[in-house]
Amino acid sequence: MVGRTNTSKELSNNLQLIPSIKHDISNSCRVSNKIHNQENRPVCFAHALATCIRSTYSRICGRYKPCHIILVSKIESNYPNFRESNINELAKEYQIEMKSVQFIRVFDIVESGVPIYFSFGLNREGWKNFSKYTNDIQNKKTIFDFKKEYIENPDPITHAVVIIGYDEELNCFLIKNSWGEDKANSGYIYISPAHLEMMNGTYIYFYFTINNLTKGEKDFFELQSEVEKEKYNQTNLSINENIIPFKKPRVTNHCKDFQRSKFLIWYNKNIAPVF
C-alpha cells in the first residue's frame, strides 16, 4: 500500500497556508468530512475500509458507529498482511455484506448515498505524477490528469481511497484520500469518469440485510417502520407494510423517494443491491 509521499516542495503543516476550497458534496455519501493522515504508514486500505464500514453502520438504526481511528487500528492489527481477498472476511466480522462491482455501476451506487472502496495501481511514472498532483495546492479545485500509460507495467503497490460523491460542476468523481488536509483540494481528489474507468481499479461497496441485524436492531427497525408508514400516509404515498426502512428516517437529504424504494427492496428481499 502507498504511504503519504513527501517531496522537497511539500508545504509545512501550517494550515493557514492552505487555500480554503469548498467541495460540492451535497449529493455525496454519508461519510465524515474529516481527512485523516496515514503519514508514511501503509494503512490506506484500513482508512478506506473504516470509512465504508462507518457509513454502513450509520444506516443501521440502533447500531453504534465506532471511532474511525480505533477502527483503523483494529483493522491494521487484525490484517497485518492485508489482501483484498480479506475484505469479505472483514465484512462478516463487522456483520455487514460486501459486493465487488464493475465501473459501469459506480455512479448509481454513489448517487444512492453509498461510498465505494476504490483501490488502484500505477507504475513509477504514474505515482510520480499522482504525488505531484496531490502536492500542487491551488486556490481552486484541481483534477488528476490521468494518462493510460500510467498503468502500463504497474508497480506491485496499490493505493486505496473512497469514492464519496460526484461534482457536477467539474463532471468528476469526488474521492476521499488519507494523506492529510495539507494536500490538493484540502485532501480530496477529483477524477473524471473516463479516467477512473481507465485506471482499471477495484470497486467494492458495503450494505446490510436483515440477517446482519441483532434482535434489538430488528426491533428498532420495526419501530421506525411505523413512523415511516405514518409519514408516507400523511403525504398520500403508499408503502408496503411488509417492508422495513433501510435508512434512518431522519436522513432526508440522502433519502429521495426513488432511492428509499430501492433500499427497501434490498432490505426486504435480503439480497445484494442491484444497480
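Throughout, numbering of the chain's residues begins at 1 and tracks the sequence. Quick caveat, the model's predicted, so the values are computed rather than measured.
If you take CG on N129 and OG1 on T134, they are separated by 10.5 Å, rounding to the nearest 0.5 Å. Summarising the geometry, atom CD1 belonging to I164 is positioned 8.5 Å from atom OG1 belonging to T51; distances are rounded to the nearest 0.5 Å. A distance of 10.0 Å separates CZ in R105 from NZ in K99, rounded to the nearest 0.5 Å. One distance of note links CD1 of I116 with CD1 of I109; it measures 4.5 Å at 0.5 Å rounding. With rounding to the nearest 0.5 Å, the separation of CG in N212 from CD1 in I60 is 7.0 Å. To the nearest 0.5 angstrom, S73 atom OG is 9.0 Å from N78 atom CG.
One N or O on the side chain of N123 and one on the backbone of E149 form a donor-acceptor pair closer than 3.5 Å. Side-chain atoms of Y133 come within 3.5 Å of backbone atoms of T142 as a donor-acceptor pair (strictly under, hydrogens ignored). Remark: the backbone N or O of V101 is not paired with any side-chain donor or acceptor of Y205 at under 3.5 angstrom. No donor-acceptor pair under 3.5 Å is formed between the side chain of E89 and the backbone N or O of N86. Within the 3.5 Å criterion, the main-chain N or O of C172 finds no donor-acceptor partner in the side chain of D167. No side-chain donor-acceptor contact under 3.5 Å links S131 to the backbone of K128. Side-chain atoms of S112 come within 3.5 Å of backbone atoms of D108 as a donor-acceptor pair (strictly under, hydrogens ignored).
G126 and Y150 make their closest contact through CA-CG, 3.6 Å (heavy atoms, listed as atom of the first residue, atom of the second, distance). Nearest heavy atom pair, residue K183 against residue I137, reads C-CG1, 3.9 Å. Across every non-hydrogen atom of N185 and K141, the tightest pair is OD1-CA, 3.3 Å. Between R63 and Y94, the closest heavy-atom pair is NH1-O, 3.4 Å. Smallest separation of non-hydrogen atoms from C67 and Y64: N-OH, 4.3 Å. Scanning all heavy atoms of the two residues, the minimum distance from Q38 to C44 falls at OE1-CB, 3.2 Å.
In this structure the side chain of M198 reaches within 4.5 angstrom of the side chain of F146, judged on heavy atoms. For the pair Y207/V114, no side-chain contact is recorded, criterion being any heavy-atom separation below 4.5 Å from C-beta on. Contact of the T202 side chain with the T158 side chain is not registered, since no non-hydrogen atoms from C-beta on lie closer than 4.5 Å. Contact check for F144 versus I175: no side-chain heavy atoms found under the 4.5 Å cut-off. Looking at H68 and S32, their side chains never come closer than 4.5 Å, going by heavy atoms from C-beta outward. The closest side-chain heavy-atom distance from F82 to I87 is below 4.5 Å. Looking at heavy atoms from C-beta onward, H47 lies out of side-chain contact with N177 at the 4.5 angstrom threshold. In this structure, the side chains of I191 and M199 come closer than 4.5 Å at one or more pairs of heavy atoms.
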Legend entry - Steps toward side-chain contact (heavy atoms from CB on, under 4.5 Å) verdict (R124, D155): CA-CA 7 Å; R124 183 171 298 182; D155 290 343; 4.3 Å; yes
Inset, instruction - May I have the step-by-step check of side chain to side chain donor-acceptor pair (under 3.5 Å) for N33 and Y188, ending in yes or no? - result: CA-CA 10 Å; N33 61 4; Y188 292 94; 5.9 Å; no
Inset, instruction - Test side-chain contact (heavy atoms from CB on, under 4.5 Å) on H195 and D145 and set out the steps. - result: CA-CA 8 Å; H195 287 171; D145 185 20; 3.8 Å; yes
Inset, instruction - Start with the C-alpha gap between Y57 and F208, add the side-chain angles, then the distance that decides, and say whether side-chain contact (heavy atoms from CB on, under 4.5 Å) holds. - result: CA-CA 9 Å; Y57 271 32; F208 70 94; over 6 Å; no
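With 3.5 Å as the limit, one finds no donor-acceptor pair spanning the side chains of N171 and S192. Defined by atom type and a distance below 3.5 Å, a donor-acceptor pair is present between the side-chain atoms of S55 and R59.
Ring centers of F130 and F120: under 6.0 Å apart, within the cut-off.
V72 and M98 sit in two unconnected hydrophobic clusters of ILVMFWY residues. Membership requires side-chain heavy atoms under 4.5 Å apart, directly or through other members. Residues Y203 and Y166 share a hydrophobic cluster, clusters being chains of Ile/Leu/Val/Met/Phe/Trp/Tyr side chains in contact below 4.5 Å. Residues Y79 and I69 are members of separate hydrophobic clusters, defined by side-chain heavy-atom contacts under 4.5 angstrom among Ile, Leu, Val, Met, Phe, Trp and Tyr.
Look at K147 and E125 and you find no salt bridge, because none of the NZ, NE, NH1 or NH2 atoms lies under 4.0 Å from a carboxylate O.
Using cut-offs of 30° and 60° on the angle between ring planes, the pair W127 and H159 is perpendicular.
For the pairing with F118, the side-chain contact (heavy atoms from CB on, under 4.5 Å) check across V106, V161, V162 returns one residue only, V161.
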